[in-house]
Structure formats: structure tokens, C-alpha cells
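Notes follow the structure.
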Number of protein chains: 2
Amino acid sequence: MPGIPEKKSILDDLAGRGLRLTSQRRAIVETIQDAQGHLDAATLLKLAQKREPRVNRATVYRTLDLLKRLRLIDELDLMHLEGEKHFYETRSKSGHFHLACLSCKKILEHDTPTFARLKQEVSDETGFSIDVVRLEVGGQCPACRNLSGGNSPLKDREVL
Amino acid sequence: MPGIPEKKSILDDLAGRGLRLTSQRRAIVETIQDAQGHLDAATLLKLAQKREPRVNRATVYRTLDLLKRLRLIDELDLMHLEGEKHFYETRSKSGHFHLACLSCKKILEHDTPTFARLKQEVSDETGFSIDVVRLEVGGQCPACRNLSGGNSPLKDREVL
DNA sequence: CTTCCTGCAAACCTTTTGCATGCCT
DNA sequence: AGGCATGCAAAAGGTTTGCAGGAAG
């Protein structure tokens with residue numbers, strides 16, 4: 001029974017806190033939610049402006065900061081494959097982690113039950129209350145491994 | 001000359017590649033190796049200059065880049081607790097991961113066998129050849145949990 | 001009227017780079 | 001000579017912020 005408006009969860013959350021649902025916030029939030037992957041701030045700005053042309057870059061950053069602090073989105077680095085920019089995705093997509101191919105720069109999502117167990121263990125063993133877990137793997141994807149000849153995955157242990 | 005000093009492993013590696021062991025590289029590498037924790041570039045510069053005053057910031061960055069590409073050091077973000085700067089540590093210290101307390105900003109190192117298993121699983125399940133794994137946990141350490149009163153780990157799910 | 005939100009542009013901060021110079025083999 | 005390494009300072013690139021103006025409750 002698909003009765004729950006999953007898609008509006010973030011906006012609902014904001015509303016529940018008495019925060020304003022301005023047209024720009026709507027555009028920004030909906031853009032993040034509709035994106036299948038992860039967005040960087042610049043892309044988010046551009047896409048959000050398609051919904052609401054008045055969206056301003058500062059507002060994007062301020063909204064991202066808000067959503068981050070409320071734990072409604074996750075921030076990713078994706079191994080800095082494209083410079084220092086950050087990427088964002090809804091928290092509901094959480095649970096998985098990202099594999100970055102250092103050769104072709106593609107990002108692959110993955111999950112395995114061991115990841116969940118790891119989190120539980122860490123919490124149990126350290127006494128930490130865990131808010132965010134960021135797991136990122138850098139390597140070479142199967143396709144690139146084949147292309148670069150079976151024996152030298154990365155030329156002399158070096159990339160680039 | 002029997003017995004290669006573990007401590008010189010990075011320098012040996014560089015030498016083995018025909019790279020020059022200049023006084024500045026020495027200072028930078030030794031600083032990283034002697035540091036008990038993780039260093040950011042600015043701190044590394046300052047410490048390296050105590051050994052060799054001529055060390056230049058650009059050289060620090062270029063050396064870090066070199067060591068990174070050769071997989072001799074790991075680069076960490078530590079949940080961006082202190083801005084966007086990066087931290088570095090020798091690869092030999094690898095195997096553990098970092099827990100960042102979002103309240104007191106302390107960094108705790110941790111390891112658990114499940115972490116190693118996770119890496120193996122990821123490799124097996126995805127076919128990736130893994131070069132780097134970055135696992136970072138953000139949350140609240142036991143001490144801060146107690147201080148902030150047992151029931152509200154983070155005020156309204158928000159930090160700051 | 002008070003609080004929250006936004007625009008604009010300048011400021012910030014860390015990291016990177018161009019180019020001339022210096023050093024090692 | 002021929003590379004590799006360095007210095008300096010400027011540039012880059014992404015993110016943050018001060019302050020004045022605006023909208024919402």
C-alpha cells in the first residue's frame with residue numbers, strides 16, 4: 001500500500017519544525033529528492049533553478065547546511081575524484097556506500113549486511129552514539145581492470 | 001647493513017624509485033612518520049620546518065600528492081570537523097578507522113575484524129580492486145553523551 | 001514587529017599551478 | 001646536459017558571511 005508520501009518527507013520535517021517552506025527551499029529539496037544519484041552544490045543549483053529560477057547559490061548552501069544539521073541529507077566526498085566539492089543525497093537512501101573507480105571516475109553504490117553489522121559493532125564497542133557513517137572505497141572497477149591488462153591494475157601503484 | 005629500520009620505509013620506497021631524498025622531503029616524511037596521530041597540511045608544514053627551516057608550503061603539498069599517489073599515506077577528511085582541510089597518516093597505520101565526536105571534536109581510532117571482512121566482501125561482491133577505503137564515523141563519544149544528559153544526545157537531532 | 005529567509009558580492013581557506021631557478025647524477 | 005625539485009606568488013575552486021532588504025506569522 002503506497003499510502004505514505006515518501007517524497008515529501010523532508011518538507012514535512014521542515015514544516016513540523018516551524019520552518020518556512022519557501023518556493024526556493026521547495027525547489028532545492030525536491031531537486032535533491034528527485035535526483036537518483038548524488039548532487040554537488042553547483043549541479044543542485046542549476047537543477048533547482050529549473051523549478052524556481054530565483055534560487056540563489058547562497059540559499060542552496062544555507063539550505064544544504066540546514067538539512068545536514070537536521071540529518072535529513074548525507075554529505076559525501078566521493079574520494080575527491082572531482083576536486084573538493086561535496087555531494088549530497090537524501091538520508092533515506094542511506095545504508096549503502098560508494099565505490100569510486102579511480103580510472104573511469106564512475107561511482108557505484110553498494111551495500112552488504114556486514115556494513116550494518118559493522119555500524120552496530122562500532123557503536124557497541126566504543127559507546128559512541130553514531131549519527132553519520134561515511135564509507136567510501138576507491139579502486140578500480142571490473143571494466144577498467146580488464147582494459148588495463150590483467151596484471152597491472154594501476155601502473156606501478158600509481159594513479160594518473 | 002642488516003635490519004632495515006621500519007621508520008625509514010617511506011624514504012626507502014622513494015629511493016627505490018629513483019626519487020631524490022632531499023632534505024625537505026626527509027623532513028616532511030619523517031614528520032609524518034613520527035606524528036602519533038594525523039596531521040593537516042598546515043601543521044605538517046610547521047612541524048617539518050622545525051627539522052628543516054627551508055621547507056616550503058608548495059613542497060609540502062607536492063610531497064603529499066606524491067605520497068598519496070604512491071599509496072604511502074592515507075588522506076582523511078575526519079568529517080570536516082575543522083573545515084575542509086585534509087589530514088594525513090602513514091599507510092602502515094592503516095586498518096583502523098576514525099570516530100569523530102561532533103560535540104568535543106575529538107578523534108578516536110578504532111578497529112574491528114568486521115572492518116577487514118567488509119573490505120573483503122566488497123571486493124568479492126563487486127569485483128573492484130580496492131586501493132583505498134575511507135571509513136569515518138560521526139557521533140557523540142561516551143563522555144559527551146553523559147555531559148549532555150542521558151536523554152538528548154544531540155539537541156533536537158542537531159549539532160551546533 | 002519580530003523572526004526567519006534571501007540577494008549580492010566580497011571574503012575565506014585550503015590547495016594547486018606557472019614559471020623561473022637550482023640541484024643532482 | 002637532462003630531469004627532477006623548489007620558491008614565490010598568484011590563481012583556482014568551493015564554501016561562507018556581512019549586511020541590507022523582504023516576506024511570513
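No hydrogens, no waters, no symmetry mates; every other heavy atom, side chains included, goes into these values. Protein chains get the first letters and strands the later ones, always in sequence-line order, with residue 1 at the start of each.
Proximity note for A:Gln24 (side chain, C-beta onward) versus D:dT6, C:dT15, C:dG7: the nearest is C:dG7.
Residue B:Thr22 has a polar side-chain atom (N or O) positioned under 4.0 Å from OP1 or OP2 of D:dT6. For the OP1/OP2 pair of D:dG14 and a distance below 4.0 Å, the side-chain nitrogens and oxygens of A:His86 include no atom meeting the criterion. Within the 4.0 Å cut-off from OP1 or OP2 of C:dT16, not a single side-chain nitrogen or oxygen of B:Tyr61 is found. Residue A:Thr59 places at least one side-chain N or O closer than 4.0 Å to OP1 or OP2 of C:dG7.
Rounded to the nearest 0.5 angstrom, B:Arg117 CZ and B:Thr112 OG1 are separated by 8.5 Å. In this structure, CG in B:Leu19 is found 11.0 Å from CG in B:Leu11, a value given to the nearest 0.5 Å.
In this structure, B:Leu135 and A:Phe97 have side chains that are not in contact, with every pair of non-hydrogen atoms separated by 4.5 Å or more. Within the 4.5 Å cutoff, no side-chain heavy atoms of A:Arg91 are placed close to those of A:Ile73. Proximity of A:Thr22 to A:Thr59: side-chain heavy atoms (C-beta onward) are nowhere separated by under 4.5 Å.
Rounded to whole Å, atom P of C:dT3 lies 19 Å from atom CG of A:Leu66. Following rounding to the nearest Å, A:Gln49 (CD) and C:dG7 (P) show an atom-to-atom distance of 10 Å. For the pair B:Arg17 CZ and D:dG3 C1', the interatomic distance rounds to 18 Å; values are reported in whole Å. Taking atom CD on A:Glu52 and atom C1' on C:dG7, their separation rounds to 13 Å, with Å as the unit. A straight line from CG of A:Leu45 to C1' of D:dT15 spans 13 Å, rounded to a whole angstrom. Residue A:Leu19 contributes atom CG, which lies 12 Å from atom C1' of C:dT3 at whole-angstrom precision. Distance B:Glu82 CD to D:dT15 C1': 17 Å, rounded to the nearest Å. Rounded to an integer number of Å, the gap from CZ of A:Arg54 to P of C:dT6 is 10 Å.
At the heavy-atom level, B:Arg62 lies under 4.0 Å from base atoms of the strands shown. Among the heavy atoms of the strands, none lies under 4.0 Å from A:Ala42.
The base of C:dC4 sits with one of its N or O atoms less than 3.5 Å from a complementary donor or acceptor on the side chain of A:Arg20.
Heavy-atom nearest nucleotides on DNA chain D were determined for B:Arg25 and for A:Glu84, and the one closer to the 5' end corresponds to B:Arg25. Each of A:Ala58 and B:Asp40 was assigned the nucleotide of DNA chain C with the nearest heavy atom; the assignment lying further toward the 5' end belongs to A:Ala58.
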